[in-house]
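All values below were derived from every heavy atom in this structure, side-chain atoms included, with hydrogens, water molecules and symmetry-related copies excluded. Just so we're on the same page: letters track the sequence lines, and every chain starts at 1. Since the model is a prediction, treat every value here as computed from it, not as a measurement.
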Protein chains: 2
Amino acid sequence: MTNHARLYKYFSQNDLPTPCLVVDTEIVAENYNNFKRAMPETAIFYAIKANPAPEILRLLVRLGSSFDAASLTEVKMALEAGASPHKISCGNTIKKESDIKGAFELGIKTFAVDCFAEVEKIARSAPGSTVFCRILTDNKGADWPLSRKFGCDAKMALAVLNHARKLGLIPNGISFHVGSQQTNLTAWDHAIEQSANLFKECEACGIELKSVNLGGGFPTEYVKNIPTTKDYGTAIFKSLRHHFGNRVPETMIEPGRAMVGNAGIIKSEIVLISQKSESEPTRWVYLDIGKFGGLAETMDEAIRYPFKTPHDDDEKTPCIIAGPTCDSMDILYEKTPYPLPVSLTIGDELFIENTGAYTTTYASNGFNGFEPLQQRVI
Amino acid sequence: MTNHARLYKYFSQNDLPTPCLVVDTEIVAENYNNFKRAMPETAIFYAIKANPAPEILRLLVRLGSSFDAASLTEVKMALEAGASPHKISCGNTIKKESDIKGAFELGIKTFAVDCFAEVEKIARSAPGSTVFCRILTDNKGADWPLSRKFGCDAKMALAVLNHARKLGLIPNGISFHVGSQQTNLTAWDHAIEQSANLFKECEACGIELKSVNLGGGFPTEYVKNIPTTKDYGTAIFKSLRHHFGNRVPETMIEPGRAMVGNAGIIKSEIVLISQKSESEPTRWVYLDIGKFGGLAETMDEAIRYPFKTPHDDDEKTPCIIAGPTCDSMDILYEKTPYPLPVSLTIGDELFIENTGAYTTTYASNGFNGFEPLQQRVI
């Protein structure tokens, strides 16, 4: 369990307007150091999209982190925070050629691809760069599973890397992603096996791959227990040794959620508590934040956040939790109602824990007139 | 079919960075006038949340429209556009008491409720105001159906309106919403019947209700044909006469999508076209706008937008369409692939028609570093 004492002390000493996210950089640093200890040989590329707050990026630069940028804007954010260009990778396989050119002009030379056309764009606009080919993998065990949107099959990956070499690029490695909030320790194994096979096939074609990008997927703790970072490191290196033998490649990881998720708490307010009829006693509890204000990952009730209220020792009853907008989709938990204290009343504070990742950036641009989620980093 | 000639002329004469939404006020005015003609006795409250562009609000003020505001910010937007406070209704049943007070201080005196607690907040912070009680109704036939989030059952509505009267408020009427993009002309009938029954029950308690808020739900044309505004007016008034006899009440409607949807076109660019393997020929087409950039209503492929490309006369093949972010959920059409020209290439323009509603406001606040959707109103 993360120690949130510093965050709650800040909340008690500052009367913040709600909703507001506060992020504790000491927890972010602890998460970074846990990864460093658990996977000492692995380069850490923080997935900026999880939370691009400048204070977080600057902290990670100081700690020696590298960065995974989803767009040219994120490249610029990392540079502004002080990151060296060689520590920034463009991991999104879908890039406008003008953005590839923009990143290259800023010194970025590492790009992900998953098809021939993207290789050609990079060869034209970022000549001589290093490329990773992303492969499709399955996402069993992930609470926020990925689709087939990114990656190609292994056979095509070989052809794509060959094409890259022909066009003067440096085919450097394989990347994949096992699905976000992945709680199955063996999830990486199959993709690592595929990678090892591709290393051999590439070698047979005269391409010497060097690196495996193990992607993200590392979880943060919500209401269910999760394995430790050390457990992940152990499982992954066991798998690497199993499939690569004594030729274990360079590795990199792209944690986002696991770096900042548990470092943030959103303070919200109970706007309304009501019932739909006298014969139906279920309480509907409406917060001042919902799906469009930053809690988009409650979609299909995928991510279940821990709530804290001032009355948590009192008797609880299952409630349906919804957001404040006029949108009928803006319901957080209904299929599996959420137990909340019977004594909870309108105007009470409600803290939503472990919301440091994928909240500020998912918030809508003022839907229903509600401001995007505000954030403070301490 | 809407005449988009003025919009396409604008696109051809202006080299806009993409993605960008352009909205034609002449089409908005035509939509407003169609409602006015089809339902001459009905007050039109534009649902600001559909598109709060100041130019649209100012146009509708000039045409005589009233406004449905989902929040205090939207109240202020309507006032800034020149609307009189008595022409603004707070239709969201979930409001912070401080926002009710804020709206009341700006002269707003019409509020929706669906429970006792909300009545009490309004009685304290907006004393003497007019209230509508929202009832639950079913949403059969809606492409974007509503949940049970808003409204209470009819029995509770009677008690809520009674409570409002006791606390010095004016119980004015019943409101409901039949689901967004509602293409079933008879969808309003059951709710109107419930309203008529409630009018009688209220009368028996000494409460004289005056008005029925028929809500929104009126569709805009995407790829399927829809009934005309006149068809809706005819069906609704037939139902009102049937259930209210010769005592047809005052009525109001809250169109959002039907007022601005067909008035807007998004210009986007093809970022990438790829395949996942050589054995799987389906083309994946990646646009520079997706679920997080404004096309949130493609969730579960609910809304299917018409696309126009420079090669629409060429042979077409079913494609999977996705957005540009690193998010694997950012896929627009996959279950039902979308036919696009085989000759379509990276860098081509693609126009997404009838995107004037629920796009700019649903756009995320910079997810993956992508700017919120830009808009021009002509």
Top contributor to chain B contacts, counting heavy-atom pairs under 4.5 Å, from [options]:
options: Met77(A), Glu334(A), Glu278(A); answer: Glu278(A)
options: Ile273(A), Asp330(A), Ile320(A); answer: Asp330(A)
options: Lys155(A), Gln275(A), Lys49(A), Lys96(A); answer: Lys96(A)
options: Ala322(A), Pro324(A), Ala69(A); answer: Pro324(A)

- Do Ser274(B) and Tyr286(B) touch side chain to side chain, with heavy atoms closer than 4.5 Å?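 The answer is yes, as the side chains (C-beta and beyond) meet within the 4.5 Å cut-off.
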
- Query: Below 4.5 Å, heavy atoms only, C-beta onward: do Ile135(A) and Thr137(A) meet side chain to side chain?
  - Reply: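 Contact flag for Ile135(A)/Thr137(A) side chains = no.
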
Select, from [options], the one with the greatest count of heavy-atom pairs under 4.5 Å involving chain A.
options: Ala47(B), Pro52(B), Ala157(B), Ser277(B); result: Ser277(B)
options: Ile48(B), Asp114(B), Asp99(B), Thr325(B); result: Thr325(B)
options: Thr73(B), Ile270(B), Ile94(B); result: Ile94(B)

Tell me whether [X] is salt-bridged to [Y], with the criterion being a basic N under 4.0 Å from an acidic carboxylate O.
X: Glu118(A); Y: Arg134(A); answer: no
X: Arg257(B); Y: Glu297(B); answer: yes
X: Arg148(A); Y: Glu280(B); answer: yes

Taking side chain as everything from C-beta outward and backbone as N, CA, C, O, which of these in [X] sits under 4.5 Å from a heavy atom of chain B? Side chain, backbone, both or neither.
X: Leu373(A); answer: neither
X: Glu269(A); answer: side chain
X: Ser98(A); answer: neither
X: Thr18(A); answer: both
X: Lys121(A); answer: side chain
X: Glu371(A); answer: neither

- Message: Test side-chain hydrogen bond (donor to acceptor under 3.5 Å, both in side chains) on Glu254(B) and His177(B); report intermediate values, then the result.
- Response: CA-CA 9 Å; Glu254(B) 295 169 339; His177(B) 200 297; 5.6 Å; no

- Query: Cationic tip of Lys276(B) within the cone over Trp284(B)'s six-membered ring, i.e. under 6.0 Å and within 45° of the normal?
  - Reply: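 The answer is yes, since Lys276(B) meets both limits relative to Trp284(B).
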
- Please assess Tyr362(A) against Phe292(B) for the test ring-ring contact (aromatic ring centres under 6.0 Å, His included), listing each intermediate value before the final yes or no. CA-CA 8 Å; Tyr362(A) 265 128; Phe292(B) 302 100; 5.1 Å; yes

- Message: Do Glu74(A) and Asn368(B) pair up side chain to side chain, a donor and an acceptor below 3.5 Å, judged on atom types alone?
- Response: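 No, no side-chain donor-acceptor contact under 3.5 Å.
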
